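Only a predicted model underlies this, so the values are computations on that prediction, with no experimental measurement involved. Throughout, a chain's letter reflects where its sequence line sits, starting with A, and its residues are numbered from 1.
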Amino acid sequence: MSTIYKPDKVEQAARDYWDRERCFEVDEDNGRDKFYCLTMFPYPSGQLHMGHVRVFTISDVIARYQRMQGRHVLQPMGWDAFGMPAENAAIKRGVAPARWTYDNIDYMRGQLKRLGYGYDWRREVTTCSPEYYRWEQWLFTRLFEKGLVYRKNSIVNWDPVDQTVLANEQVIDGRGWRSDALVERREIPQWFMKITAYADELLECLDKLPGWPDSVKSMQRNWIGRSEGIELDFGVEGEDQALTVFTTRPDTLMGVTYMAVAAEHPLAQKAAAGDKAIAAFIEECKKTHAAEAAMETMEKKGMPLGISAIHPISGEPVPLWVANFVLMGYGTGAVMAVPGHDERDWEFASTHGLPIVQVIEPSDGSAIDVQDAPYMEYGRVVNSGFIDGMDYRQAFDAVAERFESEDRGRRTVNYRLRDWGVSRQRYWGAPIPIVYCEDCGAVAVPEDQLPVVLPEDVEFTGVGSPLRDMPEFFETDCPKCGRAAHRETDTFDTFVESSWYFSRYASPGCDTAMVDEREAYWMPVDQYTGGIEHAILHLLYARFYQKLMRDEGLSSADEPFTNLLTQGMVLKDGAKMSKNKGNTVDPQEMIDRFGADTVRLFMMFTAPPEQALEWSDEGVQGASRFLKRFWNAVQSHAAGKEPPPLDVDALDDGQRALRRKTHQTIAKVSDDIGRRYTFNTAIAASMELLNAVNRFEDDSPQSQAVVREALEAVVLVLSPIVPHICHELWHVLGHASAPVDEPWPAFDEAALAQDMIDIVVQVNGKLRGRISVAADADQDEISKLALEDENVRRFVADKAIRKTIVVPGRLVNVVV
RNA sequence: GCCGGGGUGGCGGAACUGGUAGACGCGCCGGACUCAAAAUCCGGUUUCCGAAAGGAAGUGCGAGUUCGAUUCUCGCUCCCGGCACCA
């Protein structure tokens, strides 16, 4: 090998070795401590972007480190292969979505290999293959039997550009998450999965995930949005049916001055039948609702329905309104309005001249006037008869008990979380395995008829789904009665595929079940790494799926991911890299120019993983420069005489100092990579050690032995980050083995010991001098030495010393 | 509004448990090599005063606790992310 660093050759050689030796292919081994290191799998969009390179590198560093720690490491890779871009490409280029997708996968797999990631490619999962989605369809039919999926006509978010239904999670500020088009409301029959049945468990288990970032857990809690309250039944004049409302503030019950229902509420609908003005108002609400619901300052509009509810305690009539701020989808679609103690109710009451009364007073007795502003704090109940004088909790219980005993109310928990609509009016997705029969209704496709294969060779017009124009696809027989029936032509939301792919990695090739016993060895995932943008959707669905699979007897794990690392975005010029903004940097170009190791090093050095990383061309140059220095240092050392074995007892002070640095570095890097995931500081420490070696000008045999030890340490500790160059340099240092198979270096406690240590002397907390003391010096000795320092004496002068604080090994502070 | 995270040199960032603020890298300045440039190597680089020794100030702002605060407490401010007529 030439002594000039040529990344192309070095990297090719290392890759050939890993391939030849099948280094990253792992099978289950119950005798060994497993480590499942997972990265969020990519969508095969065409080529890798910098965000991919960052997340895969983080994961690869962790995997390689854990491997050197002796763990049996699984790191798989696959493709989230269904989705809209394939359809868009098909429209634009006239190539079938399947063809486009498989071509992209082939290209991107090559890129991943070029970056040196240590994947077990035998376990590759491609979600658009029938072998994969077959089991997804199977689980769906199981859930169908259990009643955990259901079909209902529902008002959905319709994306007029993408011609599809969006999940609530896919609507951002009233716009489609991909198309950015204003979302409309439509009523369509949809399949739903009962994620709300698991709302409590999904919430509670968050407390059992110490390895997850607080930010993600908090977002999920927020999203699930649990709130405890009471459902109360109000009588309505001229109606047999009670009007049920949900409230979290039963203590304000006596402050109710009006009631409001949503536009879709049956009482509003009924009133509209006899009143054109109300009908017009409801129509207006329907039109504007979806589009404007997210707008921050939407005007509070409403109309009286001309009927009254009966207050359940006072028996007084309470006017009933229809209002645009009441949501049919939350609680019961009706609210009791307490304008004295709720901001929204107060605003509405003020606008429409409704009475505002006070029923809560501050516990500290301070004066308030609810005519000026609502008082929302918990306090003491007043003007409320049977609950007067109570605090919030007492009043809550008193109201609950009274209404429950009279069967006019019940304690209830409400969630913000909605059931997961999984139907998509799209072609490029897994077919929903349902057959519609005129006699039998919706029937699940039986297991022996799965998978329902998506035809891949299709004409793609761009409007709607081609499946609807393919009788050969949708015409079938009813599995129950055998009569002519037709298949569901909707496909699954792609989040369904990404909710269980990690389990499938653990059971590759299994064609008799979704997963087999190998799942139990690998699951749960020990370390999951991916973008913060998946904090809610993907991570919540995946947790939900884990519980579904557990309850189906497929897994024993409650939670799929023990530790979660969310990496920051890659920015350029302060903004997220995107084609729209034209601020992208193509990883391939960087790899071709500098090599994979340089790109990996830059990514890991420039910022800690959770922070945003600003791209810098100079920074890449710097990384490249460092690797050259590293290469040259090892090569020039290896070109010298082979050093004798290290004789620790024969070292002079300088040699011992370098050796101490070596072992300090091993200790620090181990902690930085293994515990803190601060790869940037691990690299910085390695750079320091290499700088120390380069400054060390002593070519005595023992010095060369100390240098050899230092260089070997740098090669090994950097090998998870820049594996190719380390692979080569390890050989240059005379080893036949490969770093990937070496144990992680241990630091020698004895090497860290020092005879003399430098400590800092402060006078009144300000740095005034440095002294060198024996490591075992006692406090009196240290104080004495500190006071002998010339500069310290200048500042102490003739002042009386009030106190001397000695922090062993660090500093002395003299207080005068 | 609520929840979470953050504010440190010209820049990315370091300081992990309250103990030397600015590690490491980038950039910049000076030097060596070169006819010259690039590359490479060596030295310097928080600001202000000083030739230097050394001193003063300094981690968004204001207070507090402490011998000692980037770190802890309180108040404010700005930025980023999430959620939001949720009853």
Examine the base of B/C16 for any acceptor or donor lying under 3.5 Å from a partner atom in the side chain of A/Arg675, and report the outcome as yes or no. yes
Please give, in whole Å, the distance from B/G4 P to A/Leu539 CG? 19 Å
Please give, in whole Å, the distance from B/U20 C1' to A/Arg810 CZ? 9 Å
Length of the line joining A/Leu811:CG and B/C67:C1', which is rounded to integer Å: 10 Å
Please report the distance separating the P of B/U45 from the corresponding atom of B/C24, rounded so that it comes out in whole Å. 12 Å
Is B/G10 syn or anti, taking syn as a glycosidic angle within 90° of 0? anti
Phosphate contact (B/U20 OP1 or OP2) by A/Lys766 side-chain N/O below 4.0 Å: no
d(CD, A/Glu343; P, B/A87) in whole Å: 13 Å
Counting only side-chain N and O atoms of A/Arg416, is one of them less than 4.0 Å from OP1 or OP2 of B/C83? no
Check whether the ring centres of A/Tyr258 and A/Phe348 lie less than 6.0 Å apart, and answer yes or no. yes
Hey, does the side-chain of A/Asn813 have a donor or acceptor N/O within less than 3.5 Å of a partner on the base of B/C67? yes
Enumerate, atom names and distances included, each donor-acceptor pair closer than 3.5 Å involving a side-chain atom of residues 802-816 of chain A, sequence neighbours excluded.
unit_1, atom_1, unit_2, atom_2, d
A/Asn813, OD1, A/Asn764, N, 3.4
A/Asn813, OD1, A/Gly765, N, 2.9

Please measure how far the C1' atom in B/G7 lies from the corresponding atom in B/G13, and state the result in whole Å. 14 Å
Set out, in order, the CA-CA distance, both residues' side-chain angles and the distance that settles side chain to side chain contact (heavy atoms under 4.5 Å, CB included) for A/Ile195 and A/Tyr541, then state yes or no. CA-CA 8 Å; A/Ile195 190 169; A/Tyr541 294 148; 4.1 Å; yes
If you go through the side-chain atoms of A/Arg770, does one of them form a donor-acceptor pair with the base of B/U20 closer than 3.5 Å? yes
side-chain hydrogen bond (donor to acceptor under 3.5 Å, both in side chains) with A/Glu343: which residues, sequence neighbours excluded? none
